[in-house]
Amino acid sequence: MERLAWEDPVIDTLMLPSGTMTLRYGFGSGLTTRAGDAPGHVWAIGDRGPNIKVRDLISQYGLNQLTPLLSVSGAKIMPRPDIGPTLAELRVEGNVVTLVRMVPLTTASGHPVSGLANPGSEDLMSEPVFDLAGAPIAADPDGLDTEGLVALSDGGFWVGDEFGPSLVRLDADGMVIRRLLPRTPGTSLPADVPADLLPIAAKRQLNRGFEALTISADERWLFLAFQSPLAHPDEEAHEQARHVRLWRMDADTGRVAAQYAYPLDPPGSFARDCALGTFERRDIKVSELLWVGPDTLLVLERGSATTKIYRCALAPEAVLADGHLDAASRPTLEELSAADEPVFPVLAKTLVFTSDDFPELGADMEGMALLSSTELLLVSDNDFGVTGAATQFWRIRLPTPLSAKA
């Protein structure tokens, strides 16, 4: 295992009461390679743009006038709301990662895609966002919090979004050409009309939407995972559930062909996170998927300090009953998931790597790509440098091939 050289591009420097905030681009939310590209050619994506929790802004930068916002549940501050989601084309040569170019996302009308939260509704929790002066920033129905990334053979991309949550199709220039959002409950679509997402997708916990995304080699099937258990029917179910929903989706129609339950490890098994303090089930996340062969995925499961990579076979007997896709079904999968012994089929998984055995690996690893059949590239999320974190790229060499295809 080795850390690769990389330097985050600077966006801006903000002089604040108790220090200087240096904003830097981050491309650690998702990694992918495109079939047919030269070895070492990688695509990456950052998330919504610079944002910071109110308590961190007060404690680190002295913006005490924002103290009243501490009582606003889920509030975030966006110091530069004009900076939105951006793709990055990268090249890995030797032990160096080089930025080839950046591709900001745009709407169909050519305007920059913002990283502002979508409007909330009865069926969708939305995040309250404020500027540095504490003034609320209006929601944007077209805003994206980009995470998982797939590069397609036609030059375009699929991107997972946490806000909607949604799946977004981009062309080669980063323009949004299609967005699949949760359907309004009670509506249906004709068989020949591309589907929106099922209404149950809107039950995602706040800021825990589609984090992980990959695609089969023939580009027929998308595989996506929610970052955490759904808040279905409520947040208590999210906090107690022990499984994350993983979908196999038809890439042409958007219809869910199969749903699986990925089992999360017990909180006590995340040694580095537990050593830092209280670590609970709700702190565990699924941050990346990687297709490595027919019906076989790698899953990146993590806390903050501990990163684990598992190999999962999507066995036919592990497919969940269709009823678990119905938002009206009770008890919900998340309620059933809280039991010590699940009454539904669960995916089997085999540990490939854990950073608890490699303390040099940094925290907040979110992106993962296959450089060769025995090499993985991992990247951390620097949160745009708002608290001083820097992106880390790590190459992991494995003793046995993950895939027959290099």
Side-chain angles (χ1 to χ4, degrees), residues 6-29 45-86 88 99 102 104-105 112-120 125-140 143-147 162-163 205-208 272-273 275-280 282-283 285 303-305 362-366 379-392:
W6 163 265
E7 187 168 341
D8 293 324
V10 174
I11 300 172
D12 195 4
T13 300
L14 305 178
M15 306 303 294
L16 301 176
S18 296
T20 301
M21 179 188 289
T22 301
L23 300 177
R24 301 176 184 273
Y25 280 102
F27 304 114
S29 291
I45 196 163
D47 57 29
R48 69 180 94 174
N51 66 93
I52 185 171
K53 295 178 180 178
V54 177
R55 67 170 183 267
D56 293 336
L57 194 56
I58 293 172
S59 63
Q60 190 165 342
Y61 297 106
L63 271 73
N64 297 321
Q65 68 270 28
L66 300 181
T67 299
L69 296 180
L70 289 170
S71 63
V72 180
S73 178
K76 291 285 183 66
I77 306 297
M78 297 194 75
R80 282 286 305 271
D82 58 309
I83 303 297
T86 302
L99 175 64
M102 295 189 294
L105 272 55
V113 171
S114 84
L116 301 178
N118 297 173
M125 292 184 287
S126 182
E127 192 173 65
V129 181
F130 302 84
D131 63 20
L132 282 172
I137 302 176
D140 179 0
L144 297 176
D145 186 5
T146 46
E147 296 291 346
E162 289 201 295
F163 282 153
Q205 172 66 2
L206 186 63
N207 201 30
R208 298 288 181 94
R272 290 171 60 183
D273 286 293
L276 296 174
T278 302
F279 185 75
E280 300 176 327
R282 63 183 177 182
D283 299 318
K285 309 165 188 175
S304 177
D364 298 326
M365 293 290 154
E366 288 195 14
V379 64
S380 66
D381 182 1
N382 72 347
D383 290 325
F384 289 85
V386 293
T387 59
T391 302
Q392 295 186 23

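Residue numbers run from 1 in the order of the sequence given.
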Separation between CG (D47) and CZ (F27), nearest 0.5 Å, reads 11.0 Å
Closest heavy-atom pair, A75 versus F130, reported as atoms and distance to 0.1 Å, is CB-CE1, 3.9 Å
Nearest heavy-atom contact between N118 and G143 is ND2-O, 2.9 Å
Distance col, row D8:CG vs N382:CG, nearest 0.5 angstrom, shows 4.5 Å
Side chain to side chain donor-acceptor pair (under 3.5 Å) filter on S126, not counting sequence neighbours, yields none
Scanning both residues in full, the closest heavy-atom pair of P81 with L116 reads CB-CD2, 4.2 Å
Problem set entry | CD (E7) with more than 12 external heavy atoms under 6.0 Å | no
Residue pairs passing the side-chain hydrogen bond (donor to acceptor under 3.5 Å, both in side chains) test with at least one member in residues 12-27, sequence neighbours excluded, are D12-R80
Applying side chain to side chain contact (heavy atoms under 4.5 Å, CB included) to I52 and not counting sequence neighbours gives M21, D56, L57, Y61, I77, V386, T387
Without placing hydrogens or testing angles, list every side-chain donor-acceptor pair under 3.5 Å for residues 131-138, not counting sequence neighbours.
| unit_1 | atom_1 | unit_2 | atom_2 | d |
| --- | --- | --- | --- | --- |
| D131 | OD1 | A133 | N | 2.9 |
| D131 | OD1 | G134 | N | 3.1 |
| D131 | OD1 | A135 | N | 2.9 |

The reported gap from CZ in R55 to CG in L70 (rounded to nearest 0.5 angstrom) is 9.0 Å
Rounded to the nearest 0.5 Å, the CD atom of Q205 sits from the CZ atom of R282 at a distance of 9.5 Å
Applying ring pair (Phe, Tyr, Trp, His ring centres under 6.0 Å) to F279 and not counting sequence neighbours gives F270
Between I83 and L23, is a side-chain contact (heavy atoms from CB on, under 4.5 Å) present by the stated rule, with each step listed? CA-CA 10 Å; I83 303 297; L23 300 177; over 6 Å; no
Rounded to the nearest 0.5 angstrom, the CD-CG distance for E147 and D381 is 7.0 Å
Closest heavy-atom pair, P85 versus V113, reported as atoms and distance to 0.1 Å, is CD-O, 3.3 Å
Residues passing the side chain to side chain donor-acceptor pair (under 3.5 Å) test with E162, sequence neighbours excluded, are none
On a heavy-atom basis, the closest approach of S380 and Q392 is OG-N, 2.8 Å
request  = Please examine the side chains of P79 and P50, heavy atoms only from C-beta on, and report whether any two atoms are closer than 4.5 Å.
outcome  = yes
For D140 and S114 the tightest heavy-atom approach is OD2-OG, 2.7 Å
Rounded to the nearest 0.5 Å, the CD1 atom of I58 sits from the CG atom of L69 at a distance of 7.5 Å
